[in-house]
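Residue numbers run from 1 in the order of the sequence given.
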Amino acid sequence: MIGLLFTLCLFGTVKSSDIVDLQVQTVRRGDNTTIKCHQNETKHDLLTWYQQSLGKLPQYIVRPFETEEQKVKHTFSKKFENSSFTVDTETFVLSINGVKEEDVGIYFCGQRMTNSSEFLSGTLLLFAGNCAHTFTVITVIVV
């Protein structure tokens, strides 16, 4: 998370939302799951999903872009294209089909603004009954 904050600070301001707690979602290997982006009337073409795996820097998963025909399409990062990740074009809900070990981590939904990014919500995805993944969550407040 600090790497993401540092990277984003180079390009603008990072803000956290009024939501201060991570949601916790437990799944079993092979399950299908959805992760919701808790936004308040935010235009979906400004939203981005990020994943932070244990010991790694956050990576963007998917973000929308506007085509020449004024239509909004979603583009996945190279790591996530042709994967089990999909995003609903209407609600921006992130779906993972057939959850794998490497899918465990923290998922952030963020809103892009002109000179800043704001994290709207976060979900910690864990395997049920698996103590192999222990996370220490550090809250960083950026003003």
Side-chain angles (χ1 to χ4, degrees), residues 1-128 130 133-143:
M1 168 116 106
I2 292 173
L4 174 67
L5 293 175
F6 177 73
T7 302
L8 291 174
C9 285
L10 292 176
F11 301 107
T13 306
V14 177
K15 296 175 20 180
S16 63
S17 69
D18 294 334
I19 301 170
V20 294
D21 295 325
L22 287 175
Q23 301 295 313
V24 178
Q25 194 168 324
T26 56
V27 293
R28 297 192 187 282
R29 189 174 286 109
D31 282 355
N32 298 332
T33 191
T34 59
I35 304 172
K36 294 181 182 174
C37 180
H38 301 281
Q39 79 273 11
N40 297 325
E41 300 180 25
T42 301
K43 290 178 59 177
H44 292 166
D45 60 337
L46 299 176
L47 299 173
T48 302
W49 274 110
Y50 301 92
Q51 177 201 47
Q52 184 173 17
S53 298
L54 182 62
K56 296 186 180 181
L57 293 174
Q59 298 179 37
Y60 100 86
I61 299 171
V62 62
R63 62 181 167 219
F65 70 95
E66 196 170 290
T67 65
E68 292 177 13
E69 299 84 28
Q70 305 296 316
K71 293 183 181 180
V72 175
K73 297 199 174 200
H74 293 90
T75 181
F76 284 83
S77 69
K78 284 190 177 199
K79 177 182 175 184
F80 295 97
E81 55 184 29
N82 302 320
S83 70
S84 57
F85 288 73
T86 58
V87 67
D88 184 278
T89 56
E90 297 297 318
T91 62
F92 208 64
V93 168
L94 183 69
S95 296
I96 308 171
N97 298 313
V99 174
K100 298 177 285 217
E101 188 88 13
E102 59 265 21
D103 298 331
V104 169
I106 303 174
Y107 290 82
F108 296 102
C109 179
Q111 175 182 355
R112 294 185 321 268
M113 300 170 146
T114 304
N115 292 322
S116 66
S117 294
E118 179 179 8
F119 294 113
L120 303 172
S121 61
T123 299
L124 175 59
L125 187 68
L126 295 172
F127 278 134
N130 184 351
H133 292 287
T134 304
F135 286 88
T136 302
V137 179
I138 300 172
T139 303
V140 177
I141 300 173
V142 179
V143 182

Measure the spacing between CG of Asp88 and SG of Cys37 and express it to the nearest 0.5 Å.
-> 12.0 Å
More than 12 heavy atoms from other groups under 6.0 Å of NZ on Lys73 | no
Point-to-point distance, once rounded to the nearest 0.5 Å, from CG of Leu94 to NE2 of His74 = 10.5 Å
Given the options Thr34, Val87, Asn32, Ser95 meets side chain to side chain contact (heavy atoms under 4.5 Å, CB included) only with Thr34
side-chain contact (heavy atoms from CB on, under 4.5 Å) between Val104 and Leu54: does it pass, once the steps are laid out?
-> CA-CA 8 Å; Val104 169; Leu54 182 62; over 6 Å; no
State, with a plain yes or no, whether a side-chain heavy atom of Arg112 is found less than 4.5 Å away from one of Arg63.
-> yes
State, with a plain yes or no, whether a side-chain heavy atom of Tyr50 is found less than 4.5 Å away from one of Ile61.
-> no
Closest non-hydrogen atom pair between Leu125 and Asp103, with its separation | CD2-O, 3.6 Å
Could you list the residues that satisfy side chain to side chain contact (heavy atoms under 4.5 Å, CB included) with Glu81, not counting sequence neighbours?
-> Phe76, Lys78
Gap separating the CD atom of Gln25 from the OG1 atom of Thr33, nearest 0.5 angstrom = 3.5 Å
Which atom names give the shortest non-hydrogen contact between Pro64 and Leu46, and what distance separates them?
-> CG-N, 4.2 Å
Would you say Ile106 and Leu124 make side-chain contact, with heavy atoms under 4.5 Å?
-> yes
Output for pair (Ile96 CD1, Tyr107 OH), nearest 0.5 Å, gives 4.0 Å
Looking at OG1 of Thr91 and NZ of Lys36, how far apart are the two atoms once the value is rounded to the nearest 0.5 Å?
-> 8.5 Å
Are Leu120 and Leu47 side-chain neighbours, meaning at least one heavy-atom pair lies under 4.5 Å?
-> yes
What are the two closest non-hydrogen atoms of His38 and Ser121, and how far apart are they?
-> N-OG, 3.2 Å
Separation of Ser83 OG from Glu102 CD (nearest 0.5 Å) = 10.0 Å
Partners of Phe85 by ring pair (Phe, Tyr, Trp, His ring centres under 6.0 Å), sequence neighbours excluded?
-> Phe80
Residues at least two apart in sequence or cross-chain that pass ring pair (Phe, Tyr, Trp, His ring centres under 6.0 Å) with Tyr60, listed by chain then number, are none
Please tell me if the side chains of Leu22 and Phe108 come closer than 4.5 Å, counting only heavy atoms from C-beta onward.
-> yes
